[in-house]
2 protein chains.
Amino acid sequence: MSIRNPKQALYEQFAVVAKALGNPQRLELIEQLAQGPRSVEALAAKLARPVANVSQHLQAMRRAGLVTSERDGKFVNYRLADESVLGAFASIRVVAERHSAEVERIVRGYFDRRDDMEPVSREELAARMKDGLVTVIDVRPPDEFALGHLPGAINVPLGQLEQRLSDLEAKPEIVAYCRGPWCVMSFEAVALLREHGFNARRMEDGLPEWRDAGLAVEA
Amino acid sequence: MSIRNPKQALYEQFAVVAKALGNPQRLELIEQLAQGPRSVEALAAKLARPVANVSQHLQAMRRAGLVTSERDGKFVNYRLADESVLGAFASIRVVAERHSAEVERIVRGYFDRRDDMEPVSREELAARMKDGLVTVIDVRPPDEFALGHLPGAINVPLGQLEQRLSDLEAKPEIVAYCRGPWCVMSFEAVALLREHGFNARRMEDGLPEWRDAGLAVEA
DNA sequence: GCATCATTCAATAATTATGTTGAATGAACT
DNA sequence: AGTTCATTCAACATAATTATTGAATGATGC
């Protein structure tokens, strides 16, 4: 029976989606796109990869239904198809975190040296923001900040943090966040702030997760 | 990509997991394993694939952390690593359902065909039986079958149908019947057969009506 | 029209994934 | 010890994926 029954045909389609997620560069593109729509050129610059290569990966994701594209002048802007794409990314990350010895090794080796940096959850941060007890800094580059950030957050790109320490208000606590749970910049920011005597922590998640949770975003 | 920062290393690990999900056969194995632990042999039988092939897919999934295996006598039982694997499967399915035109096409085609499960009338069936164009299956329990059935019909109780699919002759069409026009079993039988790629319909009436119409009955 | 520039395409080469076959392994049973 | 049998391995062929390069496309602005 070389006939393909509908069930198998469906599995093939599901596999197409999973395959489109099965590449580190494409996952990185997804994380970038989670910040907002981007042109091919901008993404290529972020990943430091050839434009043609990024374009091909984006097209592969478009064929799988992960992203959509729209021409704007001479640019083509890609964006995530919807939040379910981030959901799939997140659930894959959960599997990897739970079952990949390699992930544990990497995480312990790189992140856990600083795991006294207990992260602040979205909910806790939202509550403390309301009470005005916290200064929130967004350590992402200005272009990403411009496309959306936590209400009241101030943008201090990591590279400028050290020069701008004196600008920071001395509220009881400073919370730094960036692109997502694995984004290194917020770790480095907190490390630097603590070095200079600030009471600093990082938010557990990044802006995409904050937005997906239905919390307010400022533009 | 010769230097690999920890972030990229993590993306690579996430990609390993997604890649392991990016194959229709492995997705089907996951669905089977969702029912409970299974041996390689049992899975190979279910998927109707060579044992060595299934074994390799299972090992690929084990390397990615999706499943675990445990020896039990001469069998090796595989099981899902945990429920997060099903979560990943589900979230991929959601993406596919929302964004794949192909999935929509398959689903619509499949259900439409189910809806128009046009029954075969007694007269039409009798004619097609004479021409040898049709395999007739009686999905009632064996005791009822023994008391009388359509000439040439084979008895395949509904519960055994899935295991005995390979026994079925590949005539142009299969017609299932049971106790009467309101007997659910023939509906289910036809649905199952179509799922597996057979061209199947149900007879409008059951055996009593057939007999009452004066048509031949075998005992 | 013509030049510019972001994006896409096409061709190539290298790597990886997949399925098939038959042999090897290793536990259980006689 | 030898046999059986589920599973795994190894070798091979084929197909798919990926990165790279340079050229083609197509919208924009002069």
Side-chain angles (χ1 to χ4, degrees), chain A residues 1-2 4 8 11-30 32-33 37-64 66-79 102 143, chain B residues 1-4 8 11-30 32-33 37-64 66-79 102:
Chain A
M1 212 204 316
S2 63
R4 234 179 31 190
Q8 283 174 319
Y11 283 128
E12 276 174 32
Q13 294 308 309
F14 300 158
V16 165
V17 170
K19 239 177 240 178
L21 292 167
N23 175 285
Q25 309 234 36
R26 289 198 289 268
L27 291 178
E28 203 170 350
L29 286 170
I30 287 173
Q32 287 298 327
L33 290 173
R38 294 284 133 90
S39 70
V40 180
E41 186 183 44
L43 292 166
K46 274 282 183 209
L47 303 213
R49 308 266 343 145
V51 176
N53 190 9
V54 169
S55 172
Q56 285 172 180
H57 278 306
L58 288 168
Q59 287 173 70
M61 290 199 282
R62 188 174 51 195
R63 280 193 297 274
L66 265 44
V67 302
T68 60
S69 64
E70 198 179 26
R71 182 153 217 130
D72 175 21
K74 47 172 56 176
F75 294 87
V76 174
N77 287 320
Y78 281 83
R79 72 179 66 220
E102 184 65 10
D143 59 322
Chain B
M1 218 203 293
S2 46
I3 40 166
R4 236 178 27 183
Q8 283 174 322
Y11 282 127
E12 277 174 32
Q13 294 308 309
F14 300 158
V16 164
V17 171
K19 240 178 239 177
L21 291 167
N23 176 286
Q25 310 235 37
R26 289 198 287 267
L27 291 177
E28 204 169 351
L29 286 170
I30 287 173
Q32 288 298 326
L33 290 172
R38 295 277 187 283
S39 70
V40 180
E41 186 183 43
L43 292 166
K46 269 282 186 211
L47 302 211
R49 308 266 343 147
V51 177
N53 190 8
V54 169
S55 173
Q56 285 172 179
H57 279 306
L58 288 168
Q59 288 173 69
M61 289 198 283
R62 189 175 49 197
R63 279 193 297 274
L66 266 44
V67 302
T68 59
S69 65
E70 197 179 26
R71 180 149 217 136
D72 174 21
K74 48 171 55 175
F75 294 86
V76 174
N77 287 320
Y78 281 83
R79 73 179 64 219
E102 185 64 10

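FYI, side chains are in, hydrogens and waters are out, and symmetry mates aren't considered; it's all heavy atoms of this structure. Lettering of chains follows the sequences in order, A, B, ..., and the numbering in each one begins at 1.
- Distance CG/B/Leu66 to CD1/B/Ile30: 5.0 Å, rounded to 0.5 Å.
- Remark: A/Arg71 engages no residue in a salt bridge (Lys or Arg N to Asp or Glu O under 4.0 Å) (not counting sequence neighbours).
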Enumerate all atom pairs, one protein N or O and one N or O from nucleotides 2-5 of chain C, separated by less than 3.5 Å.
| residue | atom | partner | partner atom | Å |
| --- | --- | --- | --- | --- |
| C/dC5 | O4' | A/Lys74 | NZ | 3.3 |

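- Residue A/Tyr78 places at least one side-chain N or O under 4.0 Å from the OP1 or OP2 atom of C/dT8.
- Inter-residue side-chain proximity for B/Arg79 and B/Glu70 is flagged as met; some heavy-atom pair is nearer than 4.5 Å.
- Taking side-chain N and O atoms only, A/Asn23 has no distance below 4.0 Å to OP1 or OP2 of D/dT17.
- For C/dA6, the OP1/OP2 oxygens have no side-chain nitrogen or oxygen of A/Arg71 closer than 4.0 Å.
- Residues passing the side-chain contact (heavy atoms from CB on, under 4.5 Å) test with A/Ala45, sequence neighbours excluded: none.
- The CD-P distance, from A/Gln59 to C/dT7, rounds to 11 Å in whole Å.
- Taking atom CG on A/Leu58 and atom P on D/dA19, their separation rounds to 12 Å, with Å as the unit.
- For A/Lys46, the side-chain contact (heavy atoms from CB on, under 4.5 Å) criterion is met by A/Gln32, A/Pro141, A/Asp143, A/Glu144, A/Arg179, not counting sequence neighbours.
- In terms of heavy atoms, A/Tyr11 sits closest to B/Leu27 at O-CD1, 3.6 Å.
- The stretch residues 44-57 of chain B comes close to DNA chain C through B/Arg49, B/Pro50, B/Ala52, B/Asn53, B/Gln56, B/His57, each having a heavy atom under 4.0 Å from the strand.
- Remark: of the listed residues A/Arg62, A/Gln25, A/Arg26, A/Arg26 is the sole one forming a side chain to side chain donor-acceptor pair (under 3.5 Å) with A/His57.
- Counting heavy atoms from C-beta on, the side chains of A/Gln59 and A/Tyr78 come closer than 4.5 Å.
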Got a list of protein N/O to nucleotides 13-16 of chain D N/O distances below 3.5 Å?
none

